[in-house]
Q: 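Structure in structure tokens, see below.
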Protein chains: 2
Amino acid sequence: MTSYESEKLAATLKAAREKKGLSQRALSSRAGVPQSHISKIESGAVNLTVSSLTAIANALDLELALVPRKAAPAVRTITRSVNDVPKATPETRKEIARLAKQVDHLRSLEIDTPAVETLQRHFRELRQFENLIRNTDALRSIRETLKAVDDAGGVSALREATNQMSSFRNALAHGLTEENRTRLPRPAYRLDGGDDE
Amino acid sequence: MTSYESEKLAATLKAAREKKGLSQRALSSRAGVPQSHISKIESGAVNLTVSSLTAIANALDLELALVPRKAAPAVRTITRSVNDVPKATPETRKEIARLAKQVDHLRSLEIDTPAVETLQRHFRELRQFENLIRNTDALRSIRETLKAVDDAGGVSALREATNQMSSFRNALAHGLTEENRTRLPRPAYRLDGGDDE
DNA sequence: GAGTGTGATATATTTAAGTATATCAAGTTG
DNA sequence: CAACTTGATATACTTAAATATATCACACTC
């Protein structure tokens, strides 16, 4: 194997893991391969066995295939087309998870339950577009607003955060944020912004 | 790796080698992997490294690919469509090689040069259909006839062999032999059977 | 029968993959 | 700041892949 090919394989595995938002330790659990070994594999430091490769690939929802050389370009095209479905970046996943935690926390405060339920609904709707989020500033801003609910902002801060979510979701749906507008996976459509409150 | 998968991989490699008409020793030379090891690999007795797999695969005009699970059916389809181009079986290749040797031998005898040239032309035309031959009895029969040229048959045996080749080629072209008729790679067309003699 | 080819198998050796476990430096969170 | 996470790295050990070489049984050819 040329070093170019082993580098490609290592890079493919690393990219796939990151794309799924897994740490090496999480992948280690899934694949049954020690984390230290995964680190070496990803850095191209070992020539792994087919069974190790298969275990890791399967844990990453990949399959090992032997394809005729003349079919390789077509296979690459297919792989790319599947991979081109937008996925949430690891950063986005983290911010969404933090936001989810914050929303859960507010639920346990038992304040103005209808307003919290509205917030939750908007959060669920925002999550449907999480694959399109490429800049997490808006998510962080919403989280700051939700923190203010605890501090003293109360219901007005809650509503502010809900509005922010709604605006952000709408912008994503319209592809109007700084996100890559060619990545919109659906026809543009209009959303009503005033369906409650 | 499940044993089903390692069996599949071994079978794939063996089938690919046979399809190319290579012996394990020939593949060994091409891939730089000892023949004894290839034997073990094909029987599924070892868990080979990715570099060994890649070396062997490349020698068989295959590429290793990691494809998303959801794309695996499409990849299998592509692989199958490339593989479905008919190829001569190893047995057919052998018989064709033997026949070629026999024809060469007759050339060196310097008998009735026009008849030998006709034979050669018919042999070349037959070879264009060698991918379709699935039963080598006809080839063996032609070879026996050619042997009779040496013995005492002379030019009449030569002509008999030429006719046999011509008939076999026509039958292949028409898909009228016991070969699988769905494998005809071209529209059926009519050949003139009496273009010489 | 001698010679050749083929795939399977054996032997001895070297190399490194794989494993378990621990630790480190850096980053993040509350 | 303490606690946790992350990926990289180290250590010691086991296991087996890989290699070189040879041989066998069988099939085929002349």
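All values below were derived from every heavy atom in this structure, side-chain atoms included, with hydrogens, water molecules and symmetry-related copies excluded. Each chain gets a letter, A, B and so on, in the order the sequences are listed, and its residues count up from 1.
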Q: Any donor and acceptor pair, going by atom type alone, linking the side chain of A:S141 with main-chain N or O of A:D137 inside 3.5 Å?
A: no
Q: Would you say A:S23 reaches D:dT6's phosphate, i.e. side-chain N/O to OP1/OP2 under 4.0 Å?
A: yes
Q: Quick check against the 3.5 Å criterion: does B:S28 have a side-chain atom that pairs as donor or acceptor with the backbone of B:Q24?
A: no
Q: End-to-end bend of the helix from C:dG1-D:dC30 to C:dG30-D:dC1 (five-pair axes, 10° rounding)?
A: 40°
Q: Nearest whole angstrom, please: distance from the C1' of C:dG7 to the CD of B:Q24.
A: 5 Å
Q: Distance-only, no hydrogens or angles: does the B:S167 side chain make a donor-acceptor pair with backbone N or O of B:N163 under 3.5 Å?
A: yes
Q: Take atom CD of B:E144 and atom C1' of D:dC30, then tell me their distance rounded to the nearest Å.
A: 14 Å
Q: CD of A:E42 versus C1' of D:dT9: gap in Å, rounded?
A: 15 Å
Q: Does B:S36 get its side chain close enough to the base of D:dT21, under 3.5 Å, for a donor-acceptor pair?
A: yes
Q: Using a 4.0 Å heavy-atom cut-off, write out nucleotides 23-30 of chain C from 5' to 3' as B (base contacted by protein), S (sugar-phosphate only) or - (no contact).
A: B----SS-
Q: Checking B:N47 side chain against A:S51 main chain: does a donor-acceptor pair fall under 3.5 Å?
A: yes
Q: Give the rounded distance in Å between these two atoms: CD1 of A:I38 and P of C:dA17.
A: 16 Å
Q: Closer than 4.0 angstrom, basic N to acidic O: yes or no for B:E63 and A:K70?
A: no
Q: For nucleotides 16-18 of chain D, give me every protein contact, N/O to N/O, under 3.5 Å, one pair per line with atom names.
A:
{"from": "D:dA17", "atom 1": "O5'", "to": "B:N47", "atom 2": "O", "distance (Å)": "3.4"}
{"from": "D:dA18", "atom 1": "OP1", "to": "B:T49", "atom 2": "N", "distance (Å)": "2.7"}
{"from": "D:dA18", "atom 1": "OP1", "to": "B:T49", "atom 2": "OG1", "distance (Å)": "2.4"}
{"from": "D:dA18", "atom 1": "OP1", "to": "B:S52", "atom 2": "OG", "distance (Å)": "2.8"}
{"from": "D:dA18", "atom 1": "OP2", "to": "B:H37", "atom 2": "NE2", "distance (Å)": "2.6"}
{"from": "D:dA18", "atom 1": "O5'", "to": "B:H37", "atom 2": "NE2", "distance (Å)": "3.4"}

Q: What is the minimum heavy-atom distance between B:A59 and B:A31, and which atoms define it?
A: CB-CB, 3.9 Å
Q: Does B:R121 come within less than 4.0 Å of B:E125, counting only side-chain N to carboxylate O?
A: yes
Q: Classify A:S43 by what it touches in the nucleic acid, base, sugar-phosphate, or nothing, heavy-atom distance under 4.0 Å.
A: nothing
Q: Expressed in angstrom and rounded to an integer, what is the separation of A:I56 atom CD1 from D:dG7 atom P?
A: 14 Å
Q: Working to the nearest 0.5 angstrom, can you tell me the gap between B:S156 OG and B:R159 CZ?
A: 8.0 Å
Q: Between B:T49 and B:S52, does any side-chain donor sit less than 3.5 Å from a side-chain acceptor?
A: yes
Q: Donor-acceptor check, side chain of B:R17 to backbone of B:L22, threshold 3.5 angstrom: yes or no?
A: yes
Q: Looking at A:S39, does any N or O in its side chain come under 4.0 Å of the phosphate oxygens OP1/OP2 on D:dG7?
A: no
Q: When you measure from the side chain of B:R98 to the backbone of B:R143, do you find a donor-acceptor pair of N or O atoms at a distance under 3.5 Å?
A: no
Q: Between atom CZ in B:R17 and atom P in C:dT6, what is the gap in whole Å?
A: 10 Å
